[in-house]
Structures are given as structure tokens and as C-alpha cells.
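Comments concern the structure below.
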Amino acid sequence: MGAIVAIVGRPNVGKSTFFNRLIQRREAIVDSVSGVTRDRHYGKSDWNGKEFSLIDTGGYVLGSDDIFEQEIDKQVELAIDEADAIIFMVDVESGVTGMDEDVAKLLRRVNKPVFLAVNKVDNAQRQADAVEFYSLGLGDYYTLSSINGSGTGELLDAVVTELPDVVEEESELPRFAVVGRPNAGKSSFINALIGEERYIVTDIAGTTRDSIDTKYNRFGFEFNLVDTAGIRRKAKVKEDLEFYSVMRSIRAIEHADVCILLLDATRGFDGQVQNIFWLAQRNNKGVVILVNKWDLVEKETNSVKEYTAKIKKAIEPFDDVPILFISVLTKQRIFKAIETAVEVYKNRSRKIATRKLNDVMLPIIEHTPPPAYKGKYVRIKFCTQLPTPYPQFAFFCNLPQYVRDPYKRFLENKLREHFDFSGVPITIFMRKK
């Protein structure tokens with residue numbers, strides 16, 4: 001779980017280039033998940049060993065400058081609410097604009113670290129021109145060129161020193177976050193869960209953040225509910241924008257062990273729901289999918305089957321995920337939903353003894369070895385589960401670079417067949433023996 005850094009600023013100052021430069025380096029190394037459609041607004045990066053999530057608040061506003069005027073306030077507000085640090089990007093070519101002044105005015109009131117980044121500074125003359133940005137009243141600035149990357153190091157050095165040290169709390173209790181797009185029924189689900197009497201044991205103030213964990217004891221289970229920001233909806237930000245609801249989910253997802261993804265049966269498993277799903281998957285969280293308002297859908301004889309198949313198709317290759325059909329209104333299967341989330345939580349922390357793992361996996365590998373590559377044969381000699389909070393496995397072999405994704409998926413499927421990892425992403429590493 002890392003801190004969150006948001007990049008704000010008006011269009012065309014180079015936010016996206018800067019963002020891509022920061023996450024590319026990392027995504028190239030880390031994210032070999034095939035077929036993940038990436039939203040270009042969110043990624044993970046690290047600097048000096050500190051990992052953080054990066055959010056580019058721009059890049060999705062279409063239309064003229066005047067529409068943007070209203071949008072930029074929303075963006076900045078969102079960044080102020082959700083981020084631990086804010087990078088405010090301006091452009092030396094155009095100098096200080098009215099819009100920059102508006103943003104600066106909002107940022108001067110914030111008690112979070114704000115870094116003023118002056119972009120497109122690639123020569124001494126421009127270095128001198130940058131001085132005018134002192135007038136924004138945000139103190140010192142950092143000059144950089146996001147095209148060639150010069151200056152980004154100094155900026156990031158400063159940013160990471162201000163980020164909170166995120167301590168993984170060893171909470172014994174599972175942490176569930178209810179996520180999904182607006183109006184899918186998240187709040188009603190939570191109310192139905194808690195019941196009108198509110199079985200709240202304690203409110204634990206959020207850690208370094210303002211995310212509140214509420215402790216529940218219901219149905220014989222004790223668990224923490226990560227308060228997703230969607231519940232304390234701000235009247236000012238109309239949540240009609242796809243982007244905001246995905247953004248609001250980011251923090252909740254990073255704080256949870258298991259994400260309960262609620263979707264509206266009448267609207268289907270659409271692009272935005274998929275984005276939230278991939279976000280949970282990319283953060284290695286457990287997932288339970290709840291199809292709500294099932295009572296409103298016209299049923300054919302096997303529509304549950306069809307609907308399930310459709311969702312599984314959309315989430316391939318990670319399709320070993322429990323899918324439940326519920327109705328928050330009639331409280332149908334709500335208990336089952338929590339029971340399933342608890343099971344997924346257990347699956348996510350499941351540890352398999354190395355000996356047992358090898359007893360099961362080596363015969364399978366012997367029977368179906370990795371295909372030869374350029375006439376070279378890969379021999380896998382040994383495997384072990386890594387001591388991480390979620391399931392990761394290392395397979396040791398002579399030529400790790402020749403093991404392709406399809407074979408890794410084969411191994412993952414076999415692991416799922418023999419051990420219960422339903423609802424949990426699995427990472428497989430090939431290591432040199």
C-alpha cells in the first residue's frame with residue numbers, strides 16, 4: 001500500500017508525458033499482465049525505494065477552455081481530497097496564465113505538500129524565465145523537461161521525502177471495501193449489511209489517511225469495512241464523471257484485502273466496472289463480484305449462467321472469481337456475500353508448504369514441460385511460495401527468460417485446480433536456479 005501523488009495543471013503543460021515517463025519505467029518491468037486495458041490516469045511508480053500511486057487528473061477533459069475552467073476546480077478538489085502530495089505543473093513557454101493563478105489559489109489553502117513543477121525548461125534562457133512563477137505564491141519551484149526527463153529526479157527526491165511512511169498495519173481482521181460505480185447500490189448494501197441497528201463496535205480513525213475503518217461483527221464474522229469515499233459524497237463534485245468514481249475507488253482498493261465489487265444487473269459489466277476490477281487485480285487484492293438488482297432483470301431459463309459466462313469472458317485470464325447474484329432491497333444472499341468475502345480473504349493469505357507444492361506441481365510440469373524455445377529446453381527443478389501478503393510463487397529453472405506467458409498461465413491454472421485461490425490474483429516468477 002503506497003501513498004498517492006496527484007498531478008494537476010491546465011491542459012497541454014506536459015502532465016501526461018511526465019506521468020507516462022514515471023510509470024512506464026516501472027510498468028515495463030512489473031506489469032506483464034497481458035490484456036489489461038490501462039486507463040492512462042493511474043499507475044504505480046517508485047523512487048528511492050518508496051512506492052507510490054500516481055494519478056494524472058488531466059487528460060480526460062474534452063471541449064473548450066471554458067468547460068475546462070469548471071473542470072479544473074473539480075480536478076484540484078479531487079486531488080486535494082484523495083492525494084498525499086500534489087504536483088502542480090505549469091509551462092514556462094506560456095508563462096503564468098489566469099488559470100494557473102486560479103489553481104494556485106486553491107492550492108495555497110491546502111495543508112498537504114504541494115510541488116510546483118515548471119515544465120519545458122531545457123535551456124538557460126528558460127531557466128531564467130521560470131522565475132516569474134514565484135508570483136504564484138507557492139514558494140520554491142522545480143524546473144524540468146518531461147520530454148527528455150531532465151530535472152525529474154530533483155522533483156521526485158523532494159516529493160518522496162514528504163510522503164507518509166505507510167506502515168502495513170497487521171490487522172488480524174479482514175478489510176473489505178465495497179466498490180463499484182455510483183448508483184450501483186453500494187450505500188444500500190452497506191446499510192443492509194450493518195442493519196438499521198448499526199452493529200458498529202468501534203470506529204478506528206484511519207491510519208495516516210482519512211480512510212475510516214469501521215469494525216463490524218455480524219453473521220458470526222468480524223471484519224473491518226473500509227469506508228469508501230463514495231459514501232461521503234461531496235455535493236460539489238457531481239459524480240457523473242466516470243473518472244471520479246474510478247478515482248474514488250483507488251484509495252479504498254489500496255486499503256482493502258478484499259474488494260466487493262458491486263454492479264447493477266440492469267447496466268451490466270461495463271467498461272467502468274471493468275476498470276475498477278482491473279485496478280483491484282493489479283493491486284493484488286481479493287475480489288468478489290456482486291450482481292445487484294437481480295430481481296429487476298428479465299429472467300430466461302438459465303440467465304444466471306449466461307450472465308456469469310459473460311462476466312467471466314470479460315475478466316479473462318483472471319476469471320477464477322466468485323460471482324453472486326444478490327438483491328440489496330430484499331437482502332437476498334447478503335450473508336452469503338460476506339461469507340464469500342471471508343473465504344476469499346482466507347484464500348489470499350493461504351500458504352502452501354514447499355514440499356506439498358513440489359509434490360503436486362513437479363509431476364504436472366514433468367508431464368507437460370514448457371515448450372522448447374529456439375531449440376533450448378527449459379527444466380523447472382523446484383518451486384516455492386514467496387513470503388508476501390498475497391500469493392506469489394517462484395519457479396526455479398535453467399532458462400527463466402524462455403518461459404512464455406501462456407505457460408505461466410498454465411501453471412497458474414494448475415495451482416488454482418489443486419489449491420483454492422478463488423477470487424485472488426496469483427503472480428508467478430521464473431527464477432534462475
Exercise. Going through the distances and angles, do Val121 and Leu144 end up as a side-chain contact (heavy atoms from CB on, under 4.5 Å)?
Worked result: CA-CA 6 Å; Val121 177; Leu144 57 113; over 6 Å; no

Task: Over 12 foreign heavy atoms within 6.0 Å of CD1, Ile147 - done: no

When rounded to the nearest 0.5 Å, the distance separating NZ of Lys310 from NZ of Lys312 is 15.5 Å

Shortest non-hydrogen pair, Pro322 vs Val344, comes out as CG-CG2, 3.8 Å

Do the ring planes of Phe335 and Phe221 sit parallel (below 30°), tilted (30 to 60°) or perpendicular (above 60°)? parallel

In short, side chain to side chain donor-acceptor pair (under 3.5 Å) pairs touching residues 141-153 with sequence neighbours left out are Asn119-Ser146, Gln127-Thr143, Ser145-Asn148, Asn148-Ser150

Practice task
Inspect the surroundings of NZ in Lys356 and state if more than 12 heavy atoms from other residues, nucleotides or ligands are less than 6.0 Å away.
Solution key: no

Contacts of Glu162 meeting side chain to side chain donor-acceptor pair (under 3.5 Å) (sequence neighbours excluded), chain-then-number -> none

Between Val360 and the options Asn358, Ile364, Leu362, the side-chain contact (heavy atoms from CB on, under 4.5 Å) test singles out Ile364

Between Ala394 and Leu386, the two heavy atoms sitting closest are CB-CD2, 3.9 Å

Residues Tyr377 and Ala372: closest non-hydrogen pair is CE2-CB, 3.6 Å

Testing the 3.5 Å rule here: is there a donor-acceptor pair between the side chains of Asp420 and Ser422?
no

The single option from Thr266, Asp264, Leu329 that satisfies side-chain contact (heavy atoms from CB on, under 4.5 Å) with Leu296 is Thr266

Practice item. May I ask you to test the Phe52-Ile4 pair for a side-chain heavy-atom distance under 4.5 Å? Key: no

Is there a donor-acceptor pair under 3.5 Å between the side chain of Asp270 and the backbone N or O of Val273? yes

| task | Please indicate whether Lys376 has more than 12 foreign heavy atoms, meaning atoms of other residues, nucleotides or ligands, lying under 6.0 Å from its NZ. | result | no

So CG of Asn284 and OG1 of Thr388: to nearest 0.5 Å the spacing works out to 8.0 Å

Rounded to the nearest 0.5 Å, the OG1 atom of Thr354 sits from the CE atom of Met361 at a distance of 13.0 Å

- Should Lys50 and Leu163 count as side-chain neighbours, where that means a heavy-atom distance under 4.5 Å? yes

Closest heavy-atom pair, Phe115 versus Ala85, reported as atoms and distance to 0.1 Å, is CE1-CB, 4.2 Å

Notebook entry, point to check: Counting distance only, does the side-chain N/O of Lys112 pair as donor-acceptor with the main-chain N or O of Ile80 below 3.5 Å?
Noted result: yes

(Q) Could you tell me if the side chain of Phe189 sits less than 4.5 Å from the side chain of Ile326, heavy atoms only? (A) yes

Between Ile260 and Ala341, the two heavy atoms sitting closest are CD1-CB, 4.1 Å

*Please answer whether the main-chain N or O of Ile315 pairs with a side-chain N or O of Asp319 as donor and acceptor at a distance below 3.5 Å.*
no

*asked:* Looking at Phe325, I'd like to know if the NZ or CZ of Arg333 sits under 6.0 Å from its six-membered ring centre while staying within 45 degrees of the ring's axis.
replied: no

Is there side-chain contact between Val114 and Ile87, with at least one heavy-atom pair below 4.5 Å? no

Next on the checklist: Counting C-beta onward and ignoring hydrogens, is there a side-chain heavy-atom pair between Gln281 and Val287 closer than 4.5 Å?
Outcome noted: no

Pair up each side-chain donor or acceptor in residues 423-433 with any protein partner under 3.5 Å, not counting sequence neighbours, and list the distances.
unit_1, atom_1, unit_2, atom_2, d
Lys432, NZ, Asn398, O, 2.6

Test item: Cys383 and Phe396 side chains (from C-beta on) under 4.5 Å apart, heavy atoms
no

| said: One thing to verify: whether Glu254 and Lys44 come together as a salt bridge, which I'm taking to mean a side-chain N less than 4.0 angstrom from a carboxylate O. | reply: yes

Here the gap from Leu156 atom CG to Ser45 atom OG, rounded to the nearest 0.5 Å, amounts to 7.0 Å

message: Measuring only between side-chain heavy atoms, which start at C-beta, is Leu106 closer than 4.5 Å to Glu77?
response: no

* Side chains of Phe88 and Val90: closer than 4.5 Å at any heavy-atom pair? -> yes

Practice prompt. Please assess Trp294 against Val291 for the test side-chain contact (heavy atoms from CB on, under 4.5 Å), listing each intermediate value before the final yes or no.
Written response: CA-CA 7 Å; Trp294 189 237; Val291 182; 4.1 Å; yes

Thinking salt bridges, do Asp257 and Arg348 make one under a 4.0 Å N-O criterion?
yes

Under-4.0 Å salt bridge between Asp320 and Arg416 = yes

Original post:
Does a salt bridge link Lys414 with Glu417, judged by any charged N lying under 4.0 Å from a carboxylate O?
Top reply: yes

| query | Should the pair Phe277 and Phe269 be assigned to parallel (<30°), tilted (30 to 60°) or perpendicular (>60°) ring geometry? | reply | perpendicular

CE of Met89 to OG1 of Thr17, rounded to nearest 0.5 Å, is 8.5 Å

Between Lys15 and Asp56, is there a salt bridge with N-O shorter than 4.0 Å? no

Taking every heavy atom of Ile365 against every heavy atom of Tyr407, the minimum-distance pair comes out as CG2-OH, 3.7 Å

- Query: When you look at Ile253 and Val179, which way does the side-chain contact (heavy atoms from CB on, under 4.5 Å) test go after all the steps?
  - Reply: CA-CA 8 Å; Ile253 287 171; Val179 293; 4.0 Å; yes

Evaluate side-chain contact (heavy atoms from CB on, under 4.5 Å) for Leu54 paired with Ile7, printing each intermediate quantity in order. CA-CA 8 Å; Leu54 201 62; Ile7 312 171; 4.2 Å; yes

Rounded to the nearest 0.5 angstrom, the CZ-OG1 distance for Phe410 and Thr368 is 4.0 Å

